[in-house]
Amino acid sequence: FQGELSQVHFPPLLKYINVNNNSFTGLSPLGSMCATGLGALQEIYLGYNHFTGSIPDCIGQFTSLLLLNIEHNTMEGSVPSSMNSLTTLQTVILSNNMFVGGLVGVWNSTMLQTVDVSNNQFSGSVPYSLFDLRSSSNTDSNGNRNSSIISFVMAKNCFTGTIAPSVCRAGAMQVLDLSGLHASCVSPVYEVYSYGVSGSIPDCIFQMPSLIALYITGNGLSGTIPQLSTSTNMIVLALDYNRLSGTIPTSIQQWSELQ
């Protein structure tokens, strides 16, 4: 399908909209969704089209929203702070657009499981504050609340700072992609180290029990490679294009599942 959707009047009781993988153009239909007042809307799929424009501030009115996917478009602007109102949000996929600005404090949902903002131009600090949002439905053996995040993908943006140990609070994390955190502001990508990021790899990341895939490529990080937990489930480990020193730990050399 092709054409524009920015003037479409959606049914007021609509719960799901999926127009993924088409050739729609023009402004995204998010504005017209707001105008219709879709209070029951739960899932929005706008990915793999040619939508332009930004995420409107009125998106905060979709208080039942569980999923927002607008990947692979040509949208721009910053993510509005009104998304703080979406306290049931579970999945946010904004990858492969032209978004800018910071992400710290943008989301406030303890139910967040999947966050993918890769291949944009987001700046400032990586939103590690998301790992301070603890879910009552995700507790450890001692009854402590943990973050619900399972997949956290920040790759290829303009982030600065360090990799914070707070990511380790996500005990259920399976995919952590922090590769090229500053790469969108370096050209050509990966030809030089990304000087926007500094520091070392927190040891606790290599102790995360559910982590399957870890990508920290292209950040120019220093220090040594931490020991891998004996109870690890990791099968993918990407550490290239950094400044790591020392030897490869025996725990990694002997882990036969790594690819």
Side-chain angles (χ1 to χ4, degrees), residues 5 8 10-20 28-48 51 53-73 75 77-97 99 101-118 120 122 125-140 143-154 166-177 210:
L5 296 179
V8 171
F10 296 95
L13 298 180
L14 193 69
K15 290 187 176 182
Y16 310 97
I17 177 169
N18 188 340
V19 296
N20 273 359
S28 84
L30 291 172
S32 58
M33 291 179 194
C34 290
T36 306
L38 304 179
L41 196 60
Q42 295 181 6
E43 297 184 5
I44 301 174
Y45 296 88
L46 304 179
Y48 293 90
F51 290 125
S54 60
I55 301 174
D57 188 64
C58 60
I59 197 169
Q61 75 185 42
F62 302 143
T63 53
S64 298
L65 197 65
L66 303 176
L67 181 149
L68 175 65
N69 183 344
I70 52 179
E71 64 184 322
H72 285 270
N73 281 287
M75 295 183 65
S78 59
V79 178
S81 59
S82 60
M83 288 194 75
N84 242 315
S85 303
L86 308 181
T87 56
T88 61
L89 198 61
Q90 297 177 8
T91 300
V92 181
I93 303 177
L94 309 180
S95 56
N96 292 279
N97 280 282
F99 291 118
L103 291 177
V104 174
V106 168
W107 296 299
N108 192 35
S109 173
T110 60
M111 300 173 66
L112 267 179
Q113 297 179 3
T114 300
V115 181
D116 185 350
V117 299
S118 57
N120 282 285
F122 289 116
S125 299
V126 172
Y128 296 118
S129 55
L130 290 176
F131 298 104
D132 293 325
L133 302 174
R134 314 294 181 86
S135 172
S136 59
S137 61
N138 187 5
T139 58
D140 61 22
N144 299 314
R145 294 185 178 186
N146 292 318
S147 166
S148 295
I149 295 178
I150 295 174
S151 179
F152 189 69
V153 182
M154 299 284 118
S166 55
V167 299
C168 303
R169 295 172 185 161
M173 179 94 77
Q174 296 179 10
V175 177
L176 178 59
D177 190 347
S210 301

Quiz item: Which atoms form the tightest heavy-atom contact between T110 and S148, and what is the distance?
Solution: O-OG, 3.3 Å
Quiz item: Nearest 0.5 Å, what's the CG-CG distance between N120 and N96?
Solution: 7.0 Å
Exercise. Using atom types as modelled and distance alone, determine if a side-chain donor or acceptor of D177 lies under 3.5 Å from a backbone N or O of M154.
Key: no
Practice problem: Can you measure from CD1 (I44) to CD1 (I70) and round to the nearest 0.5 angstrom? | Solution: 8.5 Å
Quiz item: Which atom names give the shortest non-hydrogen contact between S28 and S54, and what distance separates them?
Solution: OG-O, 4.4 Å
Practice problem: Give, for atom SG of C168 and atom CG of L176, the distance between the pair rounded to the nearest 0.5 Å. | Solution: 8.5 Å
Quiz item: F10 versus L41: any side-chain heavy-atom pair under 4.5 Å?
Solution: no
Quiz item: Any side-chain heavy-atom pair from V8 and P29 closer than 4.5 angstrom?
Solution: no
Practice problem: Tell me, please, which residues at least two apart from F51 pass ring-ring contact (aromatic ring centres under 6.0 Å, His included). | Solution: none
Quiz prompt | Non-neighbouring partners of Y45 that pass ring-ring contact (aromatic ring centres under 6.0 Å, His included), sequence neighbours left out | solution = none
Quiz item: Residues in side chain to side chain donor-acceptor pair (under 3.5 Å) with E71, at least two apart?
Solution: N69
Quiz prompt | 4.5 Å side-chain heavy-atom contact, Q61 and C34 | solution = yes
Quiz item: Would you find a donor on one side and an acceptor on the other, under 3.5 Å apart, between the side chain of N20 and the backbone of N18?
Solution: no
Practice problem: Run the numbers on L133 and W107 for side chain to side chain contact (heavy atoms under 4.5 Å, CB included), then give the verdict. | Solution: CA-CA 10 Å; L133 302 174; W107 296 299; 5.6 Å; no
Exercise. Before giving the answer on side chain to side chain contact (heavy atoms under 4.5 Å, CB included), spell out for M33 and F62 the whole-Å C-alpha distance, their side-chain angles and the decisive distance to 0.1 Å.
Key: CA-CA 9 Å; M33 291 179 194; F62 302 143; 3.7 Å; yes
Practice problem: Working to the nearest 0.5 Å, report the span between NZ of K15 and CG of L38. | Solution: 12.5 Å
Quiz prompt | From Q42 atom CD to L14 atom CG, the distance as rounded to the nearest 0.5 Å | solution = 10.0 Å
Exercise. Could you check if a side-chain atom of I55 sits within less than 4.5 angstrom of a side-chain atom of F99, using non-hydrogen atoms only?
Key: yes
Quiz item: So do the side chains of L30 and M75 get within less than 4.5 Å of each other, counting heavy atoms only?
Solution: yes
Exercise. Could you tell me whether a side-chain N or O of S125 sits under 3.5 Å from a main-chain N or O of P127, the two making a donor and an acceptor?
Key: no
Exercise. Spell out, as yes or no, whether a donor-acceptor pair under 3.5 Å connects the side chain of S210 to the backbone of M173.
Key: no
Quiz item: Among all residues two or more places apart in sequence or in another chain, which pass the ring-ring contact (aromatic ring centres under 6.0 Å, His included) test with Y128?
Solution: none
Would you tabulate the side-chain donor-acceptor contacts of residues 84-94 under 3.5 Å, counting partners in other chains and residues two or more places apart, or write 'none'?
{"residue": "N84", "atom": "ND2", "partner": "G105", "partner atom": "O", "Å": "2.7"}
{"residue": "S85", "atom": "OG", "partner": "S82", "partner atom": "O", "Å": "3.3"}
{"residue": "T88", "atom": "OG1", "partner": "L65", "partner atom": "O", "Å": "3.1"}

Quiz item: With side chains defined as the heavy atoms from C-beta onward, is the minimum distance between P80 and I59 less than 4.5 Å?
Solution: yes
Exercise. Check whether any side-chain heavy atom of I149 lies under 4.5 Å from a side-chain heavy atom of Q113, and answer yes or no.
Key: no
Quiz item: Excluding sequence neighbours, so at least two apart, what forms side chain to side chain donor-acceptor pair (under 3.5 Å) with D116?
Solution: S118
